[in-house]
Asks: 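Mind looking over this structure? Questions follow.
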Amino acid sequence: MKQLNIFLILLMPLFLIGQTTPSSVISQSSKVLLAEKMENKSPTRTIPILPDELWWGGAVNDGYSMPYQEGFSYNMYGDNKGNQVQPLLISNKGRVIWSEEPFQFTFLENAIAIQDAKGEILQSTAGKTLKEAFDFASSNYFPADGKIPHELLFTAPQYNTWIELMYNQNQKDILAYAHAIIDNGFPPGVLMIDDTWQENYGKWNFHPERFPDPKAMMTELHGLGFKVMLWVCPFVSPDSDEYRELAKDDLFLRNPKDAKIAAAPWIEPSQPAMIYWWNGASAVLDLSNPKAETWFKDELNRLVTEYKVDGFKLDAGDFYFYPDHLISYKEGTSPNDQSALFGEIGLDFPLNEYRAMWKMAGKPLAQRLSDKGHNWKDLQTLIPNITGQGLMGYAFSCPDMIGGGEFSSFLNTKTIDQELIVRSAQVHALMPMMQFSVAPWRILDTEHLDAVKETVELRKKFTPYIMSLTKEAAKTGRPIVRTMEYVFPDQSFETMKHQFMLGDNLLVAPVLNKNITKKEIQLPNGKWKDASGKTYKGGRTITVETSLTTLPYFEKI
């Protein structure tokens with residue numbers, strides 16, 4: 001989790017590699033040209049769109065664009081847009097499009113064009129609703145395996161040290177952060193120690209200068225009631241002992257045999273490739289090689305055994321860190337496949353977290369939304385992105401950090417929007433997971449800090465319900481957070497992005513704009529009860545008062 005603008009600047013050139021059409025909305029004037037390019041490039045399969053039919057799926061980071069409109073295009077090969085991807089499209093008319101391999105889709109005026117498919121495209125009609133389409137896809141293509149990530153990820157807030165410590169993770173300040181959580185009246189939960197706790201990338205030992213006694217630190221954190229996760233990634237820094245040893249065994253992706261590196265002509269072909277990512281240039285583990293998988297798992301298990309670490313935040317793993325011109329141990333391993341192999345590592349550790357993922361729906365992996373900025377626009381993406389995540393089978397979801405994960409926004413307390421922190425906490429409160437990073441007691445005045453604490457108390461009230469939905473998801477694959485259309489088809493909720501359902505019985509309508517004192521809420525048919533016990537007849541729009549401490553929600557009765 002790094003500063004969002006730095007991440008995008010570094011990766012922008014990689015985003016462009018291999019894309020033939022933009023993954024954003026295409027202007028009217030370019031539609032004919034797009035169709036012509038598609039015809040000339042590779043066989044195109046055109047699937048007619050039914051009257052009033054709308055579609056979801058593809059990349060989680062496009063959730064805010066779902067359901068898709070004419071002109072939208074995305075090629076999922078080698079591009080995960082910083083978040084999870086699923087080779088799936090489902091519609092509110094019960095239809096399903098699936099492939100085991102990546103493909104490109106483009107929404108035309110009355111059809112979906114499928115192009116550049118790497119595998120067979122399967123099309124099915126499962127019923128007449130979005131829910132029936134999802135149930136069919138889940139059962140047939142990514143069935144739930146009956147397991148959940150560690151319960152503490154759901155039952156208590158999570159705390160990540162990134163915003164407070166950034167690239168200065170150290171024993172003294174981590175312990176101070178943990179004690180401050182307790183001292184300020186917040187419950188202990190999962191504590192994630194972020195990047196730079198380690199000696200180097202691939203050298204997974206506590207940095208001896210910053211962590212003089214890591215075993216004592218772990219004992220103290222456990223004594224406070226925390227479970228502890230460590231940040232790790234699939235990269236190994238060059239010019240390290242680890243790099244040299246792993247390179248001897250060909251455990252990295254390698255340059256092609258005919259590679260010519262003008263800046264370093266002495267480098268022999270087939271040497272480990274250097275991948276540019278947000279922290280520089282590193283070699284990347286080729287997890288298609290069983291020896292690379294074994295080495296990485298052994299390192300993680302050593303941390304569990306030696307230091308009593310409880311789990312891992314497995315960062316990076318994005319498709320674009322595995323360019324397909326490089327050589328892998330297993331021939332034909334795609335960038336998407338490498339990301340999935342990285343995802344499989346987490347299955348050995350119930351306390352896990354991922355941001356980048358390919359085809360691992362139905363598995364007990366905690367899936368975080370991509371880093372969000374400290375602004376209202378990004379806050380407004382949480383609901384459509386996390387509901388889109390659920391519709392792709394990634395049920396065990398976390399809506400990123402409260403207030404955003406962009407650390408530069410928190411360097412100067414004068415630039416912090418205290419109301420935004422509160423409203424962000426309210427969005428998190430009734431979602432599967434709730435994650436803090438910036439310390440609320442450091443940046444908020446008493447009024448706003450108390451409002452944040454109220455969200456934690458509200459979550460406690462609904463924790464049994466959240467856990468029941470979590471266990472249901474492990475059996476059925478069904479989303480925990482659901483779109484209004486999923487639960488209430490044919491009631492004009494198809495494009496609803498500012499309300500969501502927690503399960504089938506709790507409607508949540510957070511405040512997503514600054515200085516809002518009243519909010520319109522669309523109630524589905526039936527009877528509904530608000531937090532005060534007042535009942536409403538559904539099938540209409542109501543207006544409610546929204547003070548700083550108000551999170552509008554309604555229970556179905």
Side-chain angles (χ1 to χ4, degrees), residues 1-19 23-24 58-63 74-87 101-102 104 118 162 194-195 201-202 231-237 252-253 272-288 292-293 296 312-326 328 333-346 352-361 363 365-373 381 385 388-389 392 394 397-398 400 405-406:
M1 201 165 15
K2 305 292 161 263
Q3 187 175 355
L4 185 61
N5 57 353
I6 293 176
F7 180 86
L8 292 177
I9 289 170
L10 287 172
L11 290 182
M12 193 170 294
L14 293 174
F15 276 32
L16 300 177
I17 295 174
Q19 287 194 192
S23 57
S24 56
V60 165
N61 234 0
D62 286 328
Y74 168 52
N75 189 339
M76 60 188 70
Y77 184 84
D79 180 12
N80 62 302
K81 297 190 173 185
N83 233 167
Q84 301 86 17
V85 176
Q86 188 79 310
E101 302 296 336
Q104 177 175 333
K118 305 300 183 185
W162 172 244
D194 217 281
D195 185 10
Y201 302 112
W231 181 97
V232 294
C233 66
F235 294 112
V236 176
S237 295
F252 300 121
L253 286 184
M274 290 296 107
I275 306 298
Y276 287 90
W277 60 300
W278 63 75
N279 279 333
S282 304
V284 63
L285 291 171
D286 175 11
L287 292 172
S288 74
E293 177 189 7
F296 193 52
F312 300 94
K313 172 182 175 177
L314 297 108
D315 206 359
D318 299 89
F319 303 175
Y320 24 76
F321 294 142
Y322 305 95
D324 63 359
H325 69 278
L326 300 181
S328 59
T333 303
S334 71
N336 303 45
D337 294 334
Q338 289 281 1
S339 185
L341 290 168
F342 187 55
E344 290 178 5
I345 300 292
N352 62 71
E353 185 197 84
Y354 283 91
R355 173 187 50 76
M357 192 58 60
W358 168 250
K359 274 181 58 179
M360 292 292 286
K363 303 298 183 184
L365 300 174
Q367 305 283 358
R368 179 175 60 85
L369 293 185
S370 64
D371 296 22
K372 301 292 178 281
T381 68
N385 284 12
Q389 201 177 37
M392 295 181 218
Y394 297 112
S397 48
C398 178
D400 193 37
E406 184 184 4

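Positions are given from 1, in the same order as the sequence printed here. In this text, all values refer to a predicted model and were calculated from it rather than measured experimentally.
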Asks: I'd like to know if the side chain of Gln86 reaches the main chain of Gly58, judged simply by a donor and an acceptor atom lying under 3.5 Å from each other, with no hydrogens or angles considered.
Replies: no
Asks: Just to verify, which of Cys233, Pro323, Pro234 counts as forming a side chain to side chain contact (heavy atoms under 4.5 Å, CB included) with Val284?
Replies: Pro234
Asks: Is there a donor-acceptor contact under 3.5 Å linking the side chains of Tyr201 and Asp195?
Replies: yes
Asks: Can you list the steps and then say if Ser397 with Arg368 is a side-chain contact (heavy atoms from CB on, under 4.5 Å)?
Replies: CA-CA 6 Å; Ser397 48; Arg368 179 175 60 85; over 6 Å; no
Asks: State whether a side-chain donor-acceptor pair under 3.5 Å links Tyr77 with Asn75.
Replies: no
Asks: Is Tyr276 reaching over with its side chain to a backbone N or O of Ser282, donor-acceptor style, under 3.5 angstrom?
Replies: no
Asks: Under a 4.0 Å threshold between the charged nitrogen and the carboxylate oxygen, would Arg355 count as salt-bridged to Asp400?
Replies: no
Asks: Can you list the steps and then say if Trp231 with Trp162 is a side-chain contact (heavy atoms from CB on, under 4.5 Å)?
Replies: CA-CA 10 Å; Trp231 181 97; Trp162 172 244; over 6 Å; no
Asks: Report yes or no: is the cationic atom of Lys81 (NZ for Lys, CZ for Arg) under 6.0 Å from the centre of the six-membered ring of Phe319, at an angle within 45° of the ring normal?
Replies: no
Asks: Would you kindly say whether Asn336 and Ser339 are connected by a side-chain donor-acceptor distance under 3.5 Å?
Replies: no
Asks: Does any non-hydrogen side-chain atom of Lys313 lie less than 4.5 Å from one of Asp194?
Replies: yes
Asks: Within the distance-only criterion (no hydrogens, no angle test), does the side chain of Asn83 pair as donor or acceptor with the backbone N or O of Ala356 below 3.5 angstrom?
Replies: no
Asks: Find the distance between CG (Asp324) and OG1 (Thr333) and round it off to the nearest 0.5 Å.
Replies: 11.5 Å
Asks: Pair Phe321, Phe235 - check ring-ring contact (aromatic ring centres under 6.0 Å, His included), show working.
Replies: CA-CA 10 Å; Phe321 294 142; Phe235 294 112; 5.4 Å; yes
Asks: Starting at CG of Leu326, measure out to CZ of Phe252 and round the result to the nearest 0.5 Å.
Replies: 13.0 Å
Asks: For the residue pair Ser328 / Asp286, report whether a side-chain donor-acceptor contact shorter than 3.5 Å exists.
Replies: no
Asks: Rounded to the nearest 0.5 Å, how far apart are CG of Leu365 and OH of Tyr394?
Replies: 9.0 Å
Asks: Say you draw a straight line from CG of Asp318 to CG of Asp79; how long is it, rounded to the nearest 0.5 Å?
Replies: 9.5 Å
Asks: Just so I know, are the side chains of Val232 and Asp315 near enough to count as touching, which here means a heavy-atom distance under 4.5 Å?
Replies: no
Asks: Ignoring hydrogens and geometry beyond distance, is a side-chain donor-acceptor pair present between Gln389 and Gln367 at under 3.5 Å?
Replies: no
Asks: Measuring only between side-chain heavy atoms, which start at C-beta, is Met274 closer than 4.5 Å to Leu253?
Replies: no
Asks: Residues two or more places apart in sequence or in another chain: which of them pass salt bridge (Lys or Arg N to Asp or Glu O under 4.0 Å) with Lys359?
Replies: Glu100
Asks: List the steps and the verdict of side-chain contact (heavy atoms from CB on, under 4.5 Å) for Val85 and Val60.
Replies: CA-CA 6 Å; Val85 176; Val60 165; over 6 Å; no
Asks: Kindly indicate whether the side chain of Lys118, heavy atoms from C-beta on, has any atom under 4.5 Å from the side chain of Ser334.
Replies: no
Asks: Please round to the nearest 0.5 Å and tell me the distance separating atom CG of Leu314 and atom CD of Glu344.
Replies: 12.5 Å
Asks: Begin with the C-alpha distance, continue with both residues' side-chain angles, and end with the deciding distance and a verdict on side-chain contact (heavy atoms from CB on, under 4.5 Å) for Met360 and Tyr354.
Replies: CA-CA 11 Å; Met360 292 292 286; Tyr354 283 91; over 6 Å; no
Asks: Is there a side-chain contact between Asp337 and Trp358 (heavy atoms, below 4.5 Å)?
Replies: yes
